[in-house]
There are 2 protein chains.
Amino acid sequence: MIRLSRMADYGVVVMTHMAWRRHENQTAHQVAAGTGLPEATAGKLLKVFARSGILTSHRGAHGGYELTRTPEDISVAEIVEAVEGPIALTLCVDEHPGHCGVEALCPMRGGWNRINAALREAFEGLSLAAMAFPAPPEFAGPGGRPAVGL
Amino acid sequence: MIRLSRMADYGVVVMTHMAWRRHENQTAHQVAAGTGLPEATAGKLLKVFARSGILTSHRGAHGGYELTRTPEDISVAEIVEAVEGPIALTLCVDEHPGHCGVEALCPMRGGWNRINAALREAFEGLSLAAMAFPAPPEFAGPGGRPAVGL
DNA sequence: CAAAACAGAACCGATTTGGTTCTATTTTGC
DNA sequence: GCAAAATAGAACCAAATCGGTTCTGTTTTG
């Protein structure tokens, strides 16, 4: 099983929370409470996102965070990249190009690159909005989108 | 950076070697020599592949391994799954479904599933042959495919 | 029966990761 | 202007994971 780090997963959770509370300034404390994450951890992620530009931070008393753009305009790729670094799937691909550790068998690069491209595309094609406000199942009846967890 | 475990990477290297030496019975020792991997490690991987069915093993003196199918009929997905388990990208997706640790916010599942599907497709659509014998660059001139490392 | 090979489990050390804590720095309100 | 509330950012520690090795057993050949 290829694992996305738990931090990246939590990152999406945090950003989902921010999307739900759009335009309400959220402190790290509030986010932690809302998501169930430990406060220090939520804070760490929020800082990372502020740094990467997808959240805007206000410091000082009554400070907090807010989405910089609309959830439609933020991709899951950005979220994941903020906490994990570039989305790619092998050593080969971004280590000092030239010596592949084991052998000179990097014709395989082409193959890996195809996979990496597919993966990156998938991440880029998925917006925060799609995560936070999933389309209602086809015949959900009146009321539309399914009740969300909390 | 999302990392494919090094073992999975080595696994592809080993299988590539097997594709190159198709029909020649290969001992763990030979594979290790050919790939540059430590013998114990190569052996471990070969066992895993034999177990999963993409290699056939012969025990006893003059034993060894051989591809069960043609390189065209073995997907990179099979190789990676043999060493890593199912190809999927989150906790959420295959842990005891129901409690998501943090909160009941698994409407996000839909999003992750899309990404997982894309990833799995990419892996399944890539054959061992494509890895081991990459298509020659468009105008490689006569002689065709580029000389392979070793 | 001995040697050559695979099968499979157990094991250890090092790296990575999750998560916390501590020290600034900035802003607000009294 | 000072205290309180918040973020910024680095440093740090414990625990889980992973890469790799070793050991014991089994099968086959000559």
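Below, chains carry the letters A, B, ... as their sequence lines are ordered, and counting in each starts from 1.
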Please report, rounded to the nearest Å, how far the [atom2] atom of [N] is from the [atom1] atom of [X].
X: B:K47; N: D:dC23; atom1: NZ; atom2: P; value: 13 Å
X: A:H29; N: D:dA4; atom1: NE2; atom2: C1'; value: 15 Å
X: B:E39; N: D:dT22; atom1: CD; atom2: P; value: 11 Å
X: A:L4; N: D:dT17; atom1: CG; atom2: C1'; value: 16 Å
X: A:H62; N: D:dA3; atom1: NE2; atom2: C1'; value: 14 Å
X: A:L45; N: D:dA8; atom1: CG; atom2: P; value: 13 Å
X: B:R6; N: D:dC18; atom1: CZ; atom2: P; value: 12 Å
X: B:E66; N: C:dC6; atom1: CD; atom2: P; value: 13 Å

Is there a side-chain contact between [X] and [Y] (heavy atoms, below 4.5 Å)?
X: B:W112; Y: A:L126; answer: no
X: B:M15; Y: B:E78; answer: no
X: B:E81; Y: B:F123; answer: no
X: B:L67; Y: B:I54; answer: no
X: A:T70; Y: A:R22; answer: yes

message: Counting distance alone, no hydrogens or angles: does the base of D:dG19 have a donor or acceptor under 3.5 Å from a partner atom on the side chain of B:K44?
response: no
Under 4.0 Å between a side-chain N/O of [X] and OP1 or OP2 of [N], yes or no?
X: A:T41; N: C:dT20; answer: yes
X: B:R51; N: C:dA7; answer: no
X: A:Y10; N: C:dT17; answer: no

statement: Assign each of A:A61 and A:G43 the nucleotide of DNA chain D bearing its closest heavy atom; nearer the 5' end lies the nucleotide of A:A61
Stepwise side-chain contact (heavy atoms from CB on, under 4.5 Å) test for B:E39 and B:K44: CA-CA 9 Å; B:E39 189 159 339; B:K44 192 175 186 173; over 6 Å; no
- request: List in numerical order all residues of residues 52-60 of chain B for which some heavy atom is under 4.0 Å away from an atom belonging to DNA chain D.
  value: B:R59, B:G60
field: Listed nucleotide nearest any side-chain atom of B:P38, set D:dT7, C:dC6, D:dT21
entry: D:dT21
- prompt: Pairs in or reaching into residues 45-68 of chain B: which pass side chain to side chain donor-acceptor pair (under 3.5 Å), with residues at least two apart or in two chains?
  reply: B:T56-B:T68
